[in-house]
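It should be emphasised that the depicted structure is a prediction, and the values quoted were computed from it without experimental measurement. Both ligands and their constituent atoms are indexed starting at 1 by order of listing.
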Amino acid sequence: MKELITLGEFVIQQQHKHAAATGDLSQIFGAIRLASKLVHREINKAGIADITGAAGLENIQGEQQQKLDVYANEKFKAALAARGLVCGIASEEEEHFVEFDHELNKGSKYVVLIDPVDGSSNIDVNVAVGTIFSIYKRKSAADGPVELDDFLQPGTEQVAAGYVIFGTSTMLVYTTGDGVNGFTFDPSIGVFYLSHPDMQAPESGNIYSVNEGNYIHFHDGVKRYIKYCQEYDPATNRPYTSRYIGSLVADFHRNLLKGGIYFYPSYANNPNGKLRLLYECNPIAWLAEQAGGRATDGNGTRILDIKPTELHQRTPFFVGSVSMMDDVERFMVQERARLERMAELA
Ligand code: AHG
Ligand code: MN
Ligand code: MN
């Protein structure tokens, strides 16, 4: 029988490859693993436990918090605080960053940014949701208080990032800048096993994922790309197939395995799109790049190069297989050039 490697074993083995590694990440992953198992348990009895529905509160972004948003946020926060390596977290569900100021966390070197439940609107209807996390080394002195700037680092500075997908099975997928590996949870013994070593984004694909209900509001470059996806051309495998779950983690995970593109562009009422740079786009962008894909704002800027100015900052987001990213960007560039020409003529 094939020898299975657990997530814990894998993280330790990876650490041994890097002489300077301290074992810190292995402990932080221990906390993420524990909280993920607790969330897995709640999600899997969502229909019968009192965990579905709204919590009756709004988060800082004016979104209805679901009970599971609140539950997951608390569990990740508690698990990360309890190991003493993290000095603070920033979460979609918290207006400000949270400092861990217990004796245990004094001198801790890392900060974690997290979307505790991604795709919350899917909880009550039994559709896949996820958790997204991003880990940085703090910039401020380890013996002082954690500062906002510790969280406002560009994605290129991430030391680890990943997601947990609670789908037909529960999986944890992560990178530390040395490729992407996926682990499937065996609930009978409570262990994540390496099931998807060295994940690679196909160079091309035939899935496009976008909320087409917003079509009327999109930039003409985006509209033209969507039409291109729908045109008949067997030589390029078109028309593509449209798949949109409404959970970024699930949409991205499917496209990573099968080849595809996901985009949430800016449009009139949402000039910066909807997705949050720090705890949604940056970790997913790094995973995409590490798997051989690409992620930009659709306007020529690499997501990981954006210098954040706010905790809950949004950005338009385009991510996926490289040849599909090239195509969509070509449409965006052409449209911008057309608009410039029209402005010159006017
Ligand atoms: P969250 O549940 O953490 O607020 O994130 C929801 C995000 C993302 O997961 C998803 O891709 C997108 O919102 C869906 O938005 P629309 O319903 O506007 O398509
Ligand atoms: Mn989200
Ligand atoms: Mn969320």
Side-chain angles (χ1 to χ4, degrees), residues 35-36 39 42-43 46 51-55 57-77 89-95 112-134 161-167 173 207-218 222 226 242-256 260-285 287-288 295 298 303 311-320:
S36 301
V39 174
E42 288 310 295
I43 286 178
I51 192 75
T52 57
L57 302 164
E58 278 190 355
N59 67 17
I60 175 64
Q61 334 202 19
E63 298 162 341
Q64 272 270 338
Q65 276 182 320
Q66 303 296 304
K67 285 181 198 158
L68 197 66
D69 286 325
V70 176
Y71 177 87
N73 190 47
E74 291 309 319
K75 294 301 171 197
F76 275 97
K77 209 164 44 173
I89 66 152
S91 161
E92 182 194 353
E93 305 305 334
E94 312 259 358
E95 179 171 3
V112 178
L113 294 105
I114 190 159
D115 178 356
V117 179
D118 173 63
S120 318
S121 66
N122 281 326
I123 299 165
D124 290 2
V125 291
N126 214 339
V127 172
V129 295
T131 297
I132 314 175
F133 60 90
S134 171
Y163 59 80
V164 186
I165 175 167
F166 304 96
V173 175
I207 298 173
Y208 73 103
S209 311
V210 58
N211 185 342
E212 279 184 79
N214 295 324
Y215 183 87
I216 196 72
H217 303 297
F218 289 153
V222 176
I226 292 175
S242 165
R243 290 283 182 274
Y244 190 72
I245 294 168
S247 297
L248 168 65
V249 165
D251 280 306
F252 173 76
H253 184 73
R254 180 202 53 240
N255 292 358
L256 175 62
I261 186 167
Y262 172 99
F263 44 108
Y264 207 111
S266 56
Y267 59 88
N269 297 339
N270 285 335
N272 295 316
K274 176 183 183 191
L275 300 178
R276 278 60 54 111
L277 172 64
L278 289 173
Y279 43 80
E280 292 181 317
C281 303
N282 268 339
I284 296 289
L287 287 160
I303 291 294
L311 224 40
H312 300 289
Q313 175 172 344
R314 296 172 196 264
T315 176
F317 191 48
F318 293 69
V319 63

Peer 1: Please give the atom name: the N, O or S atom of E280 nearest to the Mn ion (ligand 2).
Peer 2: OE2

Peer 1: With respect to N214, determine whether any N or O atom, backbone or side chain, lies less than 3.5 Å from an N or O atom of ligand 1.
Peer 2: no

Peer 1: For L275, take its heavy atoms, then give the atoms of ligand 1 lying under 4.0 Å from any of them.
Peer 2: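 Every atom of ligand 1 under 4.0 Å from some heavy atom of L275: 7 (C), 8 (C).
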
Peer 1: Looking at every heavy atom in both D251 and I245, which two are closest together, and how far apart are they?
Peer 2: OD1-N, 2.8 Å

Peer 1: In the protein, what heavy atom is nearest to atom 1 (P) of ligand 1, and what distance, to one decimal place, separates them?
Peer 2: G119 N, 3.6 Å

Peer 1: Compute the minimum heavy-atom distance from I245 to ligand 1 and say whether it is under 4.0 Å.
Peer 2: no

Peer 1: Using heavy-atom distances only, which candidate in N211, D251, L248, V249 approaches atom 16 (P) of ligand 1 most closely?
Peer 2: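 That would be N211.
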
Peer 1: By number and element, which atoms of ligand 1 are closer than 4.0 Å to a non-hydrogen atom of D115?
Peer 2: 3 (O)

Peer 1: Can you tell me how far apart CZ (F218) and CD (E212) are? Round to the nearest 0.5 Å.
Peer 2: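 One finds 8.0 Å between CZ of F218 and CD of E212.
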
Peer 1: Under 6.0 Å from the CG atom of N272, do we count more than 12 heavy atoms belonging to anything else shown?
Peer 2: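 Counting neighbours around CG of N272, more than 12 heavy atoms of other residues, nucleotides or ligands fall under 6.0 Å, so yes.
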
Peer 1: Report the C-alpha distance between I303 and N282 in whole Å, list the side-chain angles of each, state the deciding distance to 0.1 Å, and finish with yes or no for side chain to side chain contact (heavy atoms under 4.5 Å, CB included).
Peer 2: CA-CA 7 Å; I303 291 294; N282 268 339; 3.4 Å; yes

Peer 1: Ignoring hydrogens, what is the shortest heavy-atom contact between D118 and L248? Give both atom names and the distance.
Peer 2: OD2-N, 3.1 Å

Peer 1: Take K77 and E94, measure what salt bridge (charged side-chain N to carboxylate O under 4.0 Å, His left out) needs, and give me the verdict at the end.
Peer 2: CA-CA 11 Å; K77 209 164 44 173; E94 312 259 358; 2.7 Å; yes

Peer 1: Tell me the protein heavy atom at minimum distance from atom 9 (O) of ligand 1, and give that distance in Å.
Peer 2: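 Protein heavy atom with the smallest distance to atom 9 (O) of ligand 1: D118 OD1, 2.6 Å.
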
Peer 1: Measure the CD1-OH distance between I123 and Y71 for me, rounded to the nearest 0.5 Å.
Peer 2: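 Answer rounded to 0.5 Å: 12.5 Å.
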
Peer 1: For the CD1 atom of I165 and the OG atom of S247, what is their distance to the nearest 0.5 Å?
Peer 2: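 Interatomic distance, I165 CD1 to S247 OG, rounded to 0.5 Å: 8.0 Å.
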
Peer 1: When rounded to the nearest 0.5 angstrom, what is the spacing between CG in L277 and CZ in F317?
Peer 2: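 So the CG of L277 and the CZ of F317 are separated by 9.0 Å.
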
Peer 1: Checking a contact table here: which protein heavy atom is nearest atom 18 (O) of ligand 1, and how many Å away?
Peer 2: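 Answer, as residue, atom name and distance: Y264 OH, 2.5 Å.
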
Peer 1: Show me which atoms of ligand 1 lie under 4.0 Å from any heavy atom of Y262.
Peer 2: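 So the answer, numbered in order with elements, is 10 (C), 11 (O).
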
Peer 1: List every atom of ligand 1 that sits less than 4.0 Å from any heavy atom of S120, numbering the atoms from 1 in the order shown and giving each element.
Peer 2: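 Heavy-atom distances to S120 below 4.0 Å select 2 (O).
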
Peer 1: Output the distance between atom CD1 (I114) and atom CZ (F76), rounded to the nearest 0.5 Å.
Peer 2: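 Between I114 CD1 and F76 CZ, I get 4.5 Å after rounding to 0.5 Å.
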
Peer 1: For atom 14 (C) of ligand 1, find the nearest protein heavy atom and state the residue, atom name and distance (0.1 Å precision).
Peer 2: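 It is Y244 OH, 3.3 Å.
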
Peer 1: Can you name the closest pair of heavy atoms from E280 and D115 and give their distance?
Peer 2: OE2-OD2, 2.9 Å

Peer 1: For the Mn ion (ligand 3), find the closest N/O/S atom belonging to E92 and write down its atom name.
Peer 2: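 Among the N, O or S atoms of E92, the one closest to the Mn ion (ligand 3) is OE1.
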
Peer 1: Of all N, O or S atoms in D118, identify the one at the shortest distance from the Mn ion (ligand 2).
Peer 2: OD1

Peer 1: Using a heavy-atom cut-off of under 4.0 Å, does the side chain or the backbone of S247 touch ligand 1, or both, or neither?
Peer 2: backbone

Peer 1: Nearest 0.5 Å, what's the CZ-OG1 distance between F166 and T131?
Peer 2: 4.0 Å

Peer 1: Over all heavy atoms of both residues, which pair between F318 and P265 is shortest? Give the atoms and the distance, please.
Peer 2: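 Heavy atoms only, the tightest pair is CZ-CB, 4.0 Å.
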
Peer 1: At less than 4.0 angstrom from any non-hydrogen atom of V117, what atoms of ligand 1 do you find?
Peer 2: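 With V117 as reference, the close atoms of ligand 1 come out as 2 (O), 3 (O).
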
Peer 1: Considering only non-hydrogen protein atoms, determine which one is nearest to atom 15 (O) of ligand 1 and report residue, atom name and distance to 0.1 Å.
Peer 2: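 The closest one turns out to be K274 NZ, 2.9 Å.
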
Peer 1: Which protein heavy atom lies closest to atom 10 (C) of ligand 1, and at what distance to 0.1 Å?
Peer 2: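 Ranked first by proximity to atom 10 (C) of ligand 1 is G246 O, 3.3 Å.
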
Peer 1: Closer than 4.0 Å to some heavy atom of R276 - which atoms of ligand 1 meet that?
Peer 2: 1 (P), 3 (O), 4 (O), 5 (O)

Peer 1: Taking both backbone and side chain into account, is any N, O or S atom of V117 nearer than 2.8 Å to the Mn ion (ligand 3)?
Peer 2: yes

Peer 1: Which of the atoms in ligand 1, numbered in the order shown and given with their element, are less than 4.0 Å from a heavy-atom of E280?
Peer 2: 3 (O), 5 (O)

Peer 1: Near the Mn ion (ligand 3), is there an N/O/S atom from D115 that is less than 2.8 Å away?
Peer 2: yes

